Amino acid sequence: MMSSTARLLQLLSLLQIRREWTGAALAERMGVTDRTVRRDIDKLRELGYPIRATAGVAGGYQLGPGAQLPPLLLDNDEALAVALGLAAVAASPVAGVAEGSVRALTKLEQVLPARLRSRFTSLKAAVTRLGGATDAVDPSYLTEISGAIASRRQLAFEYERADEQRIRRLVEPYQLVDAGQRWYLVAWDTVRTDWRTFRVDRIRTRPSERARYTPRPLPAADAAAYVQEAITRSPYRYDVTVRLRGGPAALAGRVAPTAGQLEVDPDPPDGAAGGWSILRAGWDDVEGFLGYLLGLETEFHILGPPEFLDRCRAIIGRLEGAVGTRSDVDR
């Protein structure tokens with residue numbers, strides 16, 4: 001049996017990670033009765049935590065703003081410093097910690113007292129960074145999206161497409177994915193009735209929550225792999241396959257996740273397992289991709305598709321005509 005103190009801390013943690021819980025869901029998660037949940041909610045209220053309750057079928061419990069900062073004890077300056085640090089990391093993704101920073105920032109902003117919330121907003125607006133402005137993401141957008149994912153609520157926002165046209169979107173958000181330099185949202189588009197990936201830096205209005213939705217199966221078991229394929233292969237004219245000398249670990253520093261999907265070559269030409277990799281990438285222009293491959297400074301073999309190989313041969317012919325063959329130069 002869990003002690004009452006440990007149970008209160010568990011309840012407090014659950015209330016922080018999701019926007020709203022039903023009593024039945026909390027009871028099931030904690031392995032207690034509905035009555036115990038109600039009693040523990042009352043104890044937390046006595047300790048000063050503003051827990052709101054809404055009646056009805058869609059009702060539940062929600063941790064309101066203004067609570068102390070549990071379970072860490074932070075003074076005002078410390079809380080403000082943590083919030084600003086998390087916001088900076090969230091807006092400028094750092095591999096391995098960016099997604100955690102969004103979750104932590106969501107929890108912290110939810111319980112910041114009003115006096116600290118206004119100071120945080122003012123300081124965040126006054127601070128800027130050099131470079132990368134085109135892909136900058138408002139951390140508050142990430143926390144809004146994260147909260148909607150946790151509470152299973154639709155989001156409405158204005159989105160700017162690649163052609164700079166702005167359109168309204170109503171989506172069911174499922175997953176935020178950090179791609180290193182950009183954030184992507186995996187969501188079900190209610191208008192197009194299909195799965196979509198959205199660049200969060202192209203969301204032009206603050207996402208606002210709408211009705212609850214019933215979760216549906218994701219389009220892939222790995223959301224990160226789904227986003228990588230969507231942004232590196234699907235939208236392009238050519239879906240190119242290339243064999244590169246070197247294993248994926250050795251090439252990872254040169255081939256960014258946003259450039260293509262890198263995997264171990266299952267059938268290397270010299271039989272040396274792990275000595276070659278397969279790169280699958282989408283590109284629109286052959287010349288640009290050839291320049292990219294040359295810049296990797298490793299041996300490569302383009303395997304397909306056939307129409308891409310034909311364009312490569314035509315470019316090689318043009319280059320030979322431009323510089324001449326070695327025999328032409330010798331003469």
Side-chain angles (χ1 to χ4, degrees), residues 89 92-99 129-137 162 177-184 197 199 201 222-331:
V89 173
S92 307
V94 177
V97 300
E99 294 181 19
R129 64 188 181 95
L130 185 64
T134 55
D135 295 339
V137 174
V177 176
D178 168 22
Q181 297 298 320
R182 291 173 179 153
W183 283 94
Y184 290 88
T197 56
R199 277 176 49 175
D201 61 290
D222 187 343
Y226 174 77
V227 169
Q228 187 180 32
E229 180 171 0
I231 65 177
T232 62
R233 298 174 63 186
S234 299
Y236 299 98
R237 179 180 179 184
Y238 298 106
D239 188 6
V240 190
T241 303
V242 182
R243 175 177 285 127
L244 301 174
R245 180 178 287 278
L251 295 170
R254 285 176 276 176
V255 180
T258 53
Q261 295 175 292
L262 197 62
E263 59 191 44
V264 175
D265 188 346
D267 187 23
D270 53 9
W276 293 82
S277 299
I278 293 295
L279 173 65
R280 306 183 194 279
W283 283 74
D284 288 326
D285 63 300
V286 180
E287 295 85 351
F289 188 57
L290 289 177
Y292 171 78
L293 290 176
L294 291 170
L296 295 178
E297 297 184 345
T298 188
E299 182 181 347
F300 63 88
H301 304 276
I302 301 173
L303 305 181
E307 61 271 21
F308 188 86
L309 289 169
D310 290 341
R311 290 280 295 122
C312 290
R313 295 186 184 103
I315 292 171
I316 292 171
R318 287 164 50 198
L319 289 173
E320 288 179 343
V323 301
T325 62
R326 180 170 295 276
S327 59
D328 293 335
V329 174
D330 292 341
R331 286 200 299 269

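Note that the coordinates shown come from a computational prediction; the quantities given were computed from them, not determined experimentally. Numbers for residues simply follow the sequence, beginning at 1. FYI, side chains are in, hydrogens and waters are out, and symmetry mates aren't considered; it's all heavy atoms of this structure.
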Considering all heavy atoms, the nearest [X]-[Y] contact:
| X | Y | value |
| --- | --- | --- |
| Phe300 | Leu244 | CB-CD2, 3.5 Å |
| Ser277 | Gly247 | OG-C, 3.1 Å |
| Asp267 | Asp265 | N-OD1, 3.0 Å |

Pair Tyr184, Arg199 - check side chain to side chain contact (heavy atoms under 4.5 Å, CB included), show working.
CA-CA 5 Å; Tyr184 290 88; Arg199 277 176 49 175; 3.2 Å; yes
Show me the donor-acceptor pairs, under 3.5 Å and distance only, between side chains in residues 305-316 and residues at least two apart or in other chains.
from   : atom 1 : to     : atom 2 : distance (Å)
Asp310 : OD1    : Arg313 : NH1    : 3.1
Arg311 : NH2    : Glu287 : OE2    : 3.3

Taking only residues two or more places apart in sequence or in another chain, which ones pass side chain to side chain contact (heavy atoms under 4.5 Å, CB included) with Glu297?
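Once residues adjacent in sequence are excluded, Glu297 has no partner under the side chain to side chain contact (heavy atoms under 4.5 Å, CB included) criterion.
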Test side chain to side chain contact (heavy atoms under 4.5 Å, CB included) on Tyr292 and Trp283 and set out the steps.
CA-CA 11 Å; Tyr292 171 78; Trp283 283 74; 4.0 Å; yes
Would you say Leu251 and Leu279 make side-chain contact, with heavy atoms under 4.5 Å?
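Counting from C-beta outward, Leu251 and Leu279 never come under 4.5 Å.
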Considering only heavy atoms from C-beta outward, does the side chain of Arg243 approach that of Ile278 to under 4.5 Å?
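Answer yes - side chains close enough.
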Can you check side chain to side chain contact (heavy atoms under 4.5 Å, CB included) on Tyr226 and Thr197, steps first, answer last?
CA-CA 9 Å; Tyr226 174 77; Thr197 56; 3.7 Å; yes
Report yes or no: does Arg254 contribute a side-chain atom to a donor-acceptor pair with the main-chain N or O of Leu296 at less than 3.5 Å?
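Between the backbone of Leu296 and the side chain of Arg254 there is a qualifying donor-acceptor contact (under 3.5 Å).
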Side-chain donor or acceptor of Thr241 paired with backbone N/O of Gly304 under 3.5 Å
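Not at all, since once roles are kept as given, no pair shorter than 3.5 Å links the two residues.
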Take Val240 and Val286, measure what side chain to side chain contact (heavy atoms under 4.5 Å, CB included) needs, and give me the verdict at the end.
CA-CA 10 Å; Val240 190; Val286 180; over 6 Å; no
